[in-house]
Amino acid sequence: MRTRDRVTELLLQQGSATASELSLALGLSPAGIRRHLDAMLAEGLVESRERAERGRRGRGRPARTFTLTAAAREALPHTYDGLATAALRWIAAHGGAKAVSEFAAEQVAALEERCRSAMAEAGDDPLARAEALAQALTAEGYAAGATTIATGGQLCQHHCPVAHVAAEFSQLCEAETQVISRLVGTHVQRLATIANGDGVCTTHIPAPVLPGARPDRQRNVR
């Protein structure tokens with residue numbers, strides 16, 4: 001275990017501690033502990049405050065206690081995926097697959113509205129809207145990008161916040177695909193998903209048909 005991890009675990013267990021208390025508990029020098037605490041302070045992983053002293057305080061600076069910040073706690077392992085999966089299993093058992101689909105649609109509704117607002121100036125062209133959607137999804141943490149290919153465009157999402165849960169409940173991916181279709185304004189096709197074991201979630205967006213062109217001859221975009 002790295003020293004920083006040991007410091008984090010001890011602060012998690014005790015709630016707060018001084019550098020001296022940490023050094024004593026971990027069997028390390030106070031100077032070494034302070035170096036780690038200074039680095040963690042700079043990264044926003046701990047915060048410090050003066051310890052309230054009861055009665056008369058002796059000479060010297062008051063002791064400072066250190067506690068983990070919310071950012072540090074968020075970086076710790078969580079069981080959110082397991083909890084979400086258990087909740088969806090309960091919904092499926094009591095309401096069936098339709099109830100899971102309705103739940104998935106409800107979950108992506110807020111995301112859809114936020115992305116729609118971010119795409120207000122994107123115009124009507126599906127490929128231009130796909131680029132705007134990629135930017136909006138990136139702001140939501142999906143690390144998305146849009147590229148133009150011969151048959152239209154591709155929207156690629158390099159991160160999926162619910163991949164582990166969607167691996168069992170494909171309704172989550174289906175609801176997201178429907179959102180993409182509505183936002184770009186055309187039918188789309190999901191080619192790959194992280195939840196299915198692929199490296200990237202890839203959605204194909206067909207090129208618009210030019211006026212007067214035959215339906216089977218779509219625009220080639222380079």
Side-chain angles (χ1 to χ4, degrees), residues 71 74-85 87-88 91-92 97 100-211 213-222:
E74 281 298 316
L76 296 172
H78 293 290
T79 58
Y80 297 153
D81 285 348
L83 180 62
T85 301
L88 283 172
I91 292 173
V100 176
S101 296
E102 291 174 351
F103 173 84
E106 182 69 23
Q107 289 302 297
V108 297
L111 173 67
E112 180 175 0
E113 286 307 309
R114 291 195 300 272
C115 289
R116 191 180 299 280
S117 298
M119 297 168 60
E121 306 298 326
D124 296 327
D125 181 75
L127 301 185
R129 293 187 65 79
E131 293 178 356
L133 176 57
Q135 295 179 12
L137 287 173
T138 295
E140 295 283 341
Y142 286 80
T147 56
T148 301
I149 59 176
T151 58
Q154 280 190 168
L155 177 70
C156 296
Q157 298 158 248
H158 298 272
H159 175 65
C160 175
V162 295
H164 290 91
V165 184
E168 182 172 343
F169 295 96
S170 61
Q171 292 96 327
L172 294 170
C173 291
E174 293 165 4
E176 190 178 277
T177 303
Q178 292 170 10
V179 165
I180 294 173
S181 178
R182 289 193 294 269
L183 288 174
V184 300
T186 188
H187 169 73
V188 301
Q189 181 182 10
R190 257 291 164 68
L191 303 179
T193 63
I194 296 173
N196 198 40
D198 302 299
V200 180
C201 292
T202 306
T203 305
H204 178 251
I205 302 164
V209 179
L210 294 175
R214 289 173 52 187
D216 59 341
R217 291 187 178 180
Q218 295 185 337
R219 178 179 65 175
N220 286 332
V221 183
R222 299 184 183 276

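- Ala105 is linked by a side chain to side chain contact (heavy atoms under 4.5 Å, CB included) to nothing, counting only residues two or more places apart in sequence or in another chain.
- Within the 4.5 Å cutoff, the side chain of Thr138 has no heavy atoms near those of the Gln135 side chain.
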Practice prompt. Run the numbers on Leu137 and Cys115 for side-chain contact (heavy atoms from CB on, under 4.5 Å), then give the verdict.
Written response: CA-CA 7 Å; Leu137 287 173; Cys115 289; 4.0 Å; yes
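- At a threshold of 4.5 Å between non-hydrogen side-chain atoms, the residues Ile180 and Arg190 count as touching.
- Residue Gln154 forms a side chain to side chain contact (heavy atoms under 4.5 Å, CB included) with just one option from Thr203, Ile205, Leu191, Val188, and that option is Leu191.
- Between Leu127 and Gly153, the shortest heavy-atom contact is CD2-N, 3.6 Å.
- Partners of Ala192 according to the side chain to side chain contact (heavy atoms under 4.5 Å, CB included) rule, which considers only residues two or more places apart in sequence or in another chain, are Asp198, Thr202.
- Considering Leu133, Leu183, Leu111 in turn, Leu183 is the only one that fulfils the side chain to side chain contact (heavy atoms under 4.5 Å, CB included) rule with Arg116.
- The distance from atom OG of Ser101 to atom CD of Glu106, rounded to the nearest 0.5 Å, is 13.0 Å.
- Note that CG of Leu155 is 10.0 Å distant from OG1 of Thr177, once rounded to the nearest 0.5 Å.
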List the atom pairs, with distances to 0.1 Å, where a side-chain N or O of residues 159-173 and a protein N or O form a donor-acceptor pair under 3.5 Å, not counting sequence neighbours.
unit_1: His164; atom_1: ND1; unit_2: Asp81; atom_2: OD2; d: 3.2
unit_1: Glu168; atom_1: OE1; unit_2: Arg89; atom_2: NE; d: 3.4
unit_1: Glu168; atom_1: OE1; unit_2: Arg89; atom_2: NH2; d: 2.9
unit_1: Glu168; atom_1: OE2; unit_2: Arg89; atom_2: NE; d: 2.9
unit_1: Ser170; atom_1: OG; unit_2: Glu174; atom_2: OE2; d: 3.4

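- Annotation for Gly199 and Ile194: closest pair O-CG1, 3.8 Å, computed over non-hydrogen atoms.
- Among all heavy-atom pairs drawn from Val200 and Cys156, the shortest one is CG1-CB, 3.7 Å.
- His204 places a side-chain heavy atom less than 4.5 Å from the side chain of Ile149.
- Looking at every heavy atom in both residues, Arg129 comes nearest to Met119 through O-CE, 3.3 Å.
- Atom CD of Glu112 sits about 9.5 Å away from atom CD of Gln178, to the nearest 0.5 Å.
- The two residues Ala132 and Ala122 have their closest heavy-atom pair at CB-CB, 3.7 Å.
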